[in-house]
Structure formats: structure tokens, C-alpha cells
Amino acid sequence: MDTKQLWENALVDIELSISKANFSTWFKNTSIQRKDGGVVYIAVPNQFVKDWLTTKYHKFILKTLRAFSAEVRSLEYIIAKDQRESRGRSHDGSLRSFTSSPSHELPLDDFYINKSDNLNPRYTFETFVVGPFNQLAHAAAHVITQKPGIVYNPLFIYGSTGHGKTHLIQAVGNQIKKTGAHKKIYYVTSERFAVDYLNSVQEGKANTFKEKYRQYDVLIMDDIQFLSDKEKTQEELFHLFNALYDNNKQIIFSSDKHPNYIPGLEDRLKSRFNAGMIADIPEPDHESRLAILKSKAYQNNFLIQDDLIEYVAREVQGNIRELEGVLNSIMFQTQIKGRVPNQTEIRGIIKNNSKPKKAVSAKEVIQKIAGFYEIEESSIYEKTRKKEIVKPRQLIMYILREDFGVSYPSIGEKLGGRDHTTVIHSCEKVKNDLKSDPVLTQELEQIRSLL
């Protein structure tokens, strides 16, 4: 069996064993460069993919290859058609922080947003880092590019600010645009849409407004939550939605909340949003934060020690924008000082760049959750086993413990003098329920966003 056939067979098994998103991200543009004795040399497109395959998939790839060729003993990864092994080193072998890489840069014109579609050319699937936290949203978005208007229509992506929603929904538009499908694509924020509508009414050009938005094959609308309580604009969006949907035009929305929890949003719009695919992008987990930092550092040809990247990923637990802000500051300090900052200096950078966590009292948590479930705040403290009261009370205990680190006895005291063992049981129950109850997971995400 030649090396090409060996790798093709292995890829078939690998694709069946992992998600489509991960397969597309980590195994695209890979091949076996050569086989020397029992050592297989796998060609990868860049250092980032090399690091990821080595860390996350090495044993799995080796086992898969051995199933087809018993003589395979070990693997090596080589960056193909690129001399990045020596990237970032001076003639004496010392590390440099930045190097020029003309082939990695976009032409200057490609940085400008085309006013005909409003798409940012830097928001692509290639620059979007896939992790456990955004895997579902990424997979749904990718499927749309293959059959726009046919599957997952509308697509509704939601999550807190800085989680990558705008990047992902614009990546769909850029990918469809790249395929040369000759489809008219338009990205617009809901705020811009509302302004366009009001201006058209004031100028007596409502029909021109309708014609403009009905011409598109793919309409991407960001931050739909800003249409809250804008009745006339919502009505216009409702009719636009129907016109596009009835003609198999793809519609994509984003929001910071699930559509069911956007206040002041008409039920008929919520119904239409729910008729398609709804996917959330929660806060990135540690593994994903690490991958994002490595990807951004690689894109900027910036070399930084693994232990420092690990430290930033561990300490900055907010959104992706905060991660990028800290990394940008580290790169800037490196340029000024001629060296990468040490951990103490990075700690100061993180302190200056990260938004301080909002102090939330137990009283506020109780108020928010009682309001979310539309129950009287006083009922939380009552000695009752009514299901509609028990569930919110258990969630309050869970959030106070998991998110704010309040001790079990203290939580019991704040909720009417309950025993700490009751609090422990409640927290464990919520933790177990979250594993099998997607609705509860969704509700918890919404509650956290309110806090």
C-alpha cells in the first residue's frame, strides 16, 4: 500500500470518529510526505496544526495508521512547503518575536470592507478557531455554505459579547462569496436595519427599502436584540423574513440571548426564529482559549513560550476579545522592550486589559432568578417543595457556589437557614441535571448573562 492510499484510508476512519468541524479544522491539507522504515512523516500546513495534532490526536492517528499497516512504529509532523521550522530564529539561534512572512499577508485591498455586502474579509472559516464551546454553531454554519436556503433556515446564533458570533456569521457570507455561487449577500446590524427603515419612511421611500432587502440571496443580521420594543421595525422584518424564506433565501441572525428570552420581541418573530436552527456559543473553555491564543500568535508570526500562553489562557477567562486584547498588549510590549514580557509583567498586562468582574450579591442573584422564572422573590425562602419554587432555589444555590464561590453553610443561611447538606445535595442535583437537560443548560446560560 503506497503512502497516498494509506493516508486516504486513515482519513476515512478519522472522519467517522471525530466531529466534522474538528476534521475540517485539523486534518484539511494534510498528507503523508514519506515513510522511512517504520516512521511515517505527516505533512501539515502550519505550526499551529502541528502542535495541535501532536498534543491532541497523536495516539489516535498512530493507532489508526497501524490498523492499515502493522509496520508503522512512530509519527513525525513536518510543515509542508514552508520553512517555518526556522521562523523566528536569528543566525545565532536565539528567539526573535516577529518575522516577516509576505506569503501569509493579505493584499492591502483585502482589508477593506466591500460596501456592496458589508463583509469583513478577515472573518473567514480559516481564521475561526473551533473548540468544544463553539463546535455546534460552527458545524451548522459550515453546512449552510453548501446548501444556502435549503438547510438550517434561518440560522440563529446566540451568545454573550466577544464569543465570536460576528466572525462566524460573516464567515458564512465570505465562504459563499468565495465559492463563486453568484449569490447576493448582505451583512447588516439590526441597528443599521432599523435606521434604514426609519429613513425610508421619513423620505417616502418605503418601497425602495423593501426592494433593496428583498433582492438578497443571503441576508445576515447581527445583534437582533436591539430591535427589542421597536414594533414597526419588527413588523417590517417579519414581512421581509417571509418574503426571503418563501423564496428559499438564506437568513442568518445573531443575538446575545436565545430568541425566546429577548424582551420586547414579538411572538411571531420568535416562532420563525425557532423554526430553523438555533445554536449557542457559550464562554470558551480552557482548551479552546489556549487554541485561540496559539492561533492568533501564529497569525501574527509571534513566538511566545508555551508556559506563558498557558498562563494567559488560565487567567483570562472572559471573552475572546479580552484574550486578543491581552495578546496584542503582550506583542506591543515585546516590540518596545525587544523581548517577551515575563509572567509578572504579563500579570500586570492582564490586570490592565481585563474587565473587572462585577460584584454581585446573593440578594441580586435571588432577584434575577426569581424574575427569570416569574415567581415571587419571597417564595424562595419558604419551606415548600413545589416544583416551580424548588428548581429556581436549587439554581440559586448552584450559581452562588459555582460562580461566586460562596460556602455551603453561608448559602444555607442566605436562603432561610437551610442546612448545608441540603445545599450540597441541590448543587449536585443541578450539576447532574445539566449533563442530560439541554433546556436547563440553556436557561442557566441566559441567567448568567443577566448577572
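Both backbone and side-chain heavy atoms feed into the values below; hydrogens, waters and symmetry mates do not. From a predicted model like this one, the values you see are computed outputs, not experimental measurements.
- Annotation: the span from L6 atom CG to I32 atom CD1 amounts to 4.0 Å, rounded to 0.5 Å.
- In summary, of the residues considered (T334, I330, I336), a side chain to side chain contact (heavy atoms under 4.5 Å, CB included) with F332 occurs for I336 alone.
- Nearest heavy atoms, I346 versus P341: CD1-O, 3.7 Å.
- Taking every heavy atom of both residues into account, N319 and H163 meet most closely at CB-CD2, 3.8 Å.
- The aromatic rings of Y186 and Y213 stand perpendicular to each other, their planes meeting at an angle above 60°, with 30° marking the opposite boundary.
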- side-chain hydrogen bond (donor to acceptor under 3.5 Å, both in side chains) between K257 and Q225, intermediate numbers included: CA-CA 7 Å; K257 299 179 182 68; Q225 73 272 8; over 6 Å; no
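- Between I14 and I61, the shortest heavy-atom distance links the atoms CD1-CG1, 4.5 Å.
- When all heavy atoms of A291 and V129 are compared, the pair lying nearest together is CB-CG1, 3.8 Å.
- A tilted orientation is assigned to the rings of F156 and Y158, their planes being inclined by 30° to 60°.
- Atom OH of residue Y123 and atom CG of residue N174 lie 11.0 Å apart, to the nearest 0.5 angstrom.
- To the nearest 0.5 Å, the span separating NZ on K296 from CD1 on I304 amounts to 15.5 Å.
- In this structure, the side chains of R214 and L240 come closer than 4.5 Å at one or more pairs of heavy atoms.
- Partner of F273 under the ring pair (Phe, Tyr, Trp, His ring centres under 6.0 Å) criterion, out of F253, Y245, F238: F253 alone.
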- side-chain hydrogen bond (donor to acceptor under 3.5 Å, both in side chains) between Y187 and D222, worked out: CA-CA 8 Å; Y187 165 85; D222 211 349; 2.6 Å; yes
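- The two residues A194 and K230 come nearest to each other via the heavy atoms CB-CD, 4.2 Å.
- Looking at every heavy atom in both residues, P132 comes nearest to S288 through CD-OG, 3.1 Å.
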